[in-house]
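What follows is one structure encoded as structure tokens, with my remarks underneath.
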Amino acid sequence: MGSVVVSVDAELAWGFHDMESPPADRVAAGRPGWLALLSLLDDYHVPATWAVVGHLLLGSCDGTHPEHPAPIGWFDHERGPERTPDDLRFGRDLVSAIRSADVDHDVGSHTFSHVVLGDPRTTRELARAEVAASLELAHRDGLDPVAFVFPRNRVGHRDVLAAYGFSCYRGVRPDAGDGSRLFGPARKLAEATVGDPPPLVTPTVDEYGLVNVPASLFLFGFEGLPRSIVEPVIGDPIVRQARRGIDAAARSDGVFHVWLHPNNLVAERDVERMRTILAHVDRRRRETPLRVETMRDVAERVLDDPVAGELESIG
Ligand SMILES: [Zn+2]
Ligand SMILES: [Zn+2]
């Protein structure tokens, strides 16, 4: 029995604060995109794993975080006249909206302040501080995150996650399809038009006992000019890819793991893309044995299966 997993990198402005010039449309879409996505998931009864940046759970802060071992300047965007507005640094109301949704979502972690754990400059001390601070705030609100999403998908310090009680993380997408011999836009174009379907993935248990739930498809990795050129010809290429992945999962035992940021829902066509994909998930779920799982569900299933767990840890 195959399944679909949806994971969401929920971060408001934190996903961009280390960038020279953050994309204004994406930053502005942080809040409306969050609520739009929640409402779509409700419409189609699709539970998702929301990996939330821990800082969003603070009610306020003075922008200094003196106890945090972050590099100098890491919190500069929280101070001074040019600082990022409060409603893009805090989001307790948005996390409450996840929890009060009709669908039973899973709240996971996306660090405390979007430090890239897989960056070689990120020390173990910093990784530990990011994980500990995000968990402390979550626990204070009665949340118990077990799923972790790495900023920029750069995997690192998995031992720290295991030590703090996480059970799973989103790993990188395995290379797949004709496009793997090409690079960058050419690869994306090939995959979107003629290539193999995006991969189904097999969750595995790593050497720390964590379940790796690799990504299959980023739902907004084909934007801008290429999308505008291809879409009138073959329709939305990501919808096409997502349908192929969902159909493949409906016919097999694999996991089709899609992901996005709420701030990817910049325009109406982005909302429509999500609506079409979620409607297809819902339809196949009714017609076939296909299930929808959260990352937490996948981890529980894999860790409960002694054969799977044992085999993977030996292999
Ligand atoms: Zn702060
Ligand atoms: Zn992120």
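Counting starts at 1 for both ligands and their atoms, following the listed order. Values below: all heavy atoms of this structure, side chains included; hydrogens, waters and symmetry mates excluded.
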Glu11 atom (N/O/S) at minimal separation from the Zn ion (ligand 2):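 It is OE1 of Glu11.
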Below 2.8 Å, can you find an N, O or S atom of His261 next to the Zn ion (ligand 2)?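 So His261 does not count as coordinating the Zn ion (ligand 2).
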Mind checking whether the Zn ion (ligand 2) has an N, O or S of Asp9 under 2.8 Å?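 It does not: Asp9 brings no N, O or S atom closer than 2.8 Å to the Zn ion (ligand 2).
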Residue from His114, His68, His17 passing ring pair (Phe, Tyr, Trp, His ring centres under 6.0 Å) with Trp74: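 Going through the options one by one, the only one that passes is His17.
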Applying ring pair (Phe, Tyr, Trp, His ring centres under 6.0 Å) to Phe166 and Tyr164, what does each step give before you reach the verdict? CA-CA 6 Å; Phe166 282 92; Tyr164 279 90; 8.1 Å; no
Looking at Arg152 and Asp18, does any basic side-chain N land under 4.0 Å from a carboxylate oxygen?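 A salt bridge links Arg152 with Asp18.
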If we count only N and O atoms by modelled type, under 3.5 Å, do the side chains of Thr49 and His105 hold a donor and an acceptor together?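 Per modelled atom types, Thr49 and His105 side chains form no pair under 3.5 Å.
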I'd like the atom name of the N/O/S atom in His55 lying closest to the Zn ion (ligand 1).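 Restricting His55 to its N, O and S atoms, the minimum distance to the Zn ion (ligand 1) goes to NE2.
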Is the Zn ion (ligand 1) under 2.8 Å from any N, O or S atom of Glu78?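 Yes, within the cut-off.
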Can you find a heavy atom in the side chain of Val5 that is under 4.5 Å from one in the side chain of Thr294?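 Sidechains of Thr294 and Val5: no contact.
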